[in-house]
Amino acid sequence: MKKFFLIAMIAISTTALHAQLAHTTWKGVIKGDAAQEAVFKFGKDTLVLYAANGSVIETMKYAFKQNVLSVTKIEGQSDCAAGQPGKYAVVFAGGGMTLKPTQDDCYDRSSALDGTKWVKQKVK
């Protein structure tokens with residue numbers, strides 16, 4: 001019985017962590033040749049990064065577990081190859097989140113997101 005309870009609690013907490021990002025929108029500034037405002041829009045398992053003008057910068061698959069955001073490029077403007085994965089530590093504080101690359105061989109993406117701060121947007 002204890003084993004079942006432990007497994008159930010782990011499943012619930014994993015779902016709750018993923019739910020922190022699923023179907024949310026976050027605004028921040030990405031780095032690059034010129035810093036620019038951007039918006040992360042998390043779906044169920046897909047993440048789209050938009051420029052402030054609404055154009056798509058990058059589309060990725062994502063998973064979120066134990067405060068680690070794992071992304072895999074589907075398509076977009078970065079020099080990352082399609083299918084190239086990356087992992088980012090996520091720190092939530094004061095209604096926002098900060099991303100820090102922990103494992104990402106795509107310098108274009110990791111340098112653009114390193115240390116960026118994102119503010120959760122209210123649903124309209």
Side-chain angles (χ1 to χ4, degrees):
M1 184 67 158
K2 285 182 183 180
K3 192 178 213 179
F4 172 77
F5 181 71
L6 179 61
I7 291 170
M9 291 305 294
I10 290 170
I12 289 168
S13 65
T14 300
T15 301
L17 284 175
H18 185 79
Q20 278 184 289
L21 294 178
H23 308 292
T24 63
T25 302
W26 299 75
K27 188 174 183 180
V29 175
I30 58 172
K31 303 172 186 178
D33 294 336
Q36 65 174 314
E37 287 188 3
V39 174
F40 269 134
K41 190 164 191 170
F42 289 86
K44 180 180 175 188
D45 61 0
T46 303
L47 166 61
V48 181
L49 177 62
Y50 293 94
N53 67 8
S55 64
V56 175
I57 297 172
E58 197 102 350
T59 303
M60 299 166 268
K61 286 286 190 186
Y62 83 94
F64 185 64
K65 193 160 58 168
Q66 298 175 337
N67 284 353
V68 174
L69 175 65
S70 300
V71 297
T72 303
K73 179 180 177 174
I74 297 172
E75 61 185 6
Q77 298 176 19
S78 75
D79 288 337
C80 306
Q84 189 165 21
K87 292 186 179 195
Y88 293 80
V90 178
V91 176
F92 292 101
M97 71 175 174
T98 302
L99 301 178
K100 188 75 176 164
T102 59
Q103 181 182 352
D104 194 343
D105 291 335
C106 178
Y107 178 76
D108 205 26
R109 178 176 52 209
S110 64
S111 64
L113 296 177
D114 188 12
T116 56
K117 297 179 185 344
W118 300 86
V119 177
K120 189 173 185 179
Q121 303 298 290
K122 296 190 188 283
V123 178
K124 295 178 184 179

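These numbers come from the heavy atoms of this one structure, side chains and all, not from hydrogens, waters or symmetry mates. From a predicted model like this one, the values you see are computed outputs, not experimental measurements.
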- prompt: Of the non-hydrogen atoms in T116 and A112, which two are nearest, and what is the gap between them?
  reply: CG2-O, 3.4 Å

field: In one Ile/Leu/Val/Met/Phe/Trp/Tyr side-chain cluster, 4.5 Å: V48, V71
entry: no

message: Would you say F92 ends up clustered with L99 if hydrophobic residues are merged whenever their side chains have heavy atoms under 4.5 Å apart, either directly or through other cluster members?
response: yes

task: Give a yes or no on whether the backbone of V119 and the side-chain of Q121 come within a donor-acceptor separation of less than 3.5 Å.
output: yes

- prompt: Do any pairs count as a salt bridge (Lys or Arg N to Asp or Glu O under 4.0 Å) and have a residue in residues 76-86, sequence neighbours left out, and if so which ones?
  reply: none

Side-chain atoms of residues 25-42: list all donor-acceptor pairs with protein atoms under 3.5 Å, sequence neighbours left out, distances to 0.1 Å.
residue	atom	partner	partner atom	Å
W26	NE1	T24	OG1	2.8
K31	NZ	D114	O	2.4

- request: Sorted by first residue and then second, give each side-chain hydrogen bond (donor to acceptor under 3.5 Å, both in side chains) pair with at least one member in residues 46-56; sequence neighbours left out.
  value: N53-S55

task: Name all residues meeting the side-chain hydrogen bond (donor to acceptor under 3.5 Å, both in side chains) criterion together with T98; count only those two or more places apart in sequence or in a different chain, and write none if there are none.
output: none

message: Enumerate the disulfide bond (SG atoms under 2.5 Å apart) contacts for residues 36-77, please, sequence neighbours excluded, ordered by first and then second residue.
response: none

message: K87: which residues meet the salt bridge (Lys or Arg N to Asp or Glu O under 4.0 Å) condition with it, sequence neighbours left out?
response: none

task: Can you tell me which residue pairs pass the salt bridge (Lys or Arg N to Asp or Glu O under 4.0 Å) test with a partner in residues 67-76, sequence neighbours excluded?
output: E58-K73

statement: Between L69 and Y62, the two heavy atoms sitting closest are CD1-CD1, 3.8 Å

statement: When rounded to the nearest 0.5 Å, the distance separating CG of D45 from OG1 of T72 is 11.0 Å

message: Quick test of your reading: applying ring-ring contact (aromatic ring centres under 6.0 Å, His included), list the pairs with at least one residue in residues 94-114, sequence neighbours left out, ordered by first then second residue.
response: none

message: Could you work out, with salt bridge (Lys or Arg N to Asp or Glu O under 4.0 Å) as the rule, every residue matching D104, not counting sequence neighbours?
response: R109

- prompt: In Å, rounded to the nearest 0.5 Å, how long is the span from OH of Y88 to CG of L113?
  reply: 5.0 Å

task: Sequence neighbours left out, what pairs pass disulfide bond (SG atoms under 2.5 Å apart) with at least one residue falling in residues 27-69?
output: none

task: Keeping to residues at least two apart or across chains, list the disulfide bond (SG atoms under 2.5 Å apart) pairs with something in residues 40-98.
output: C80-C106

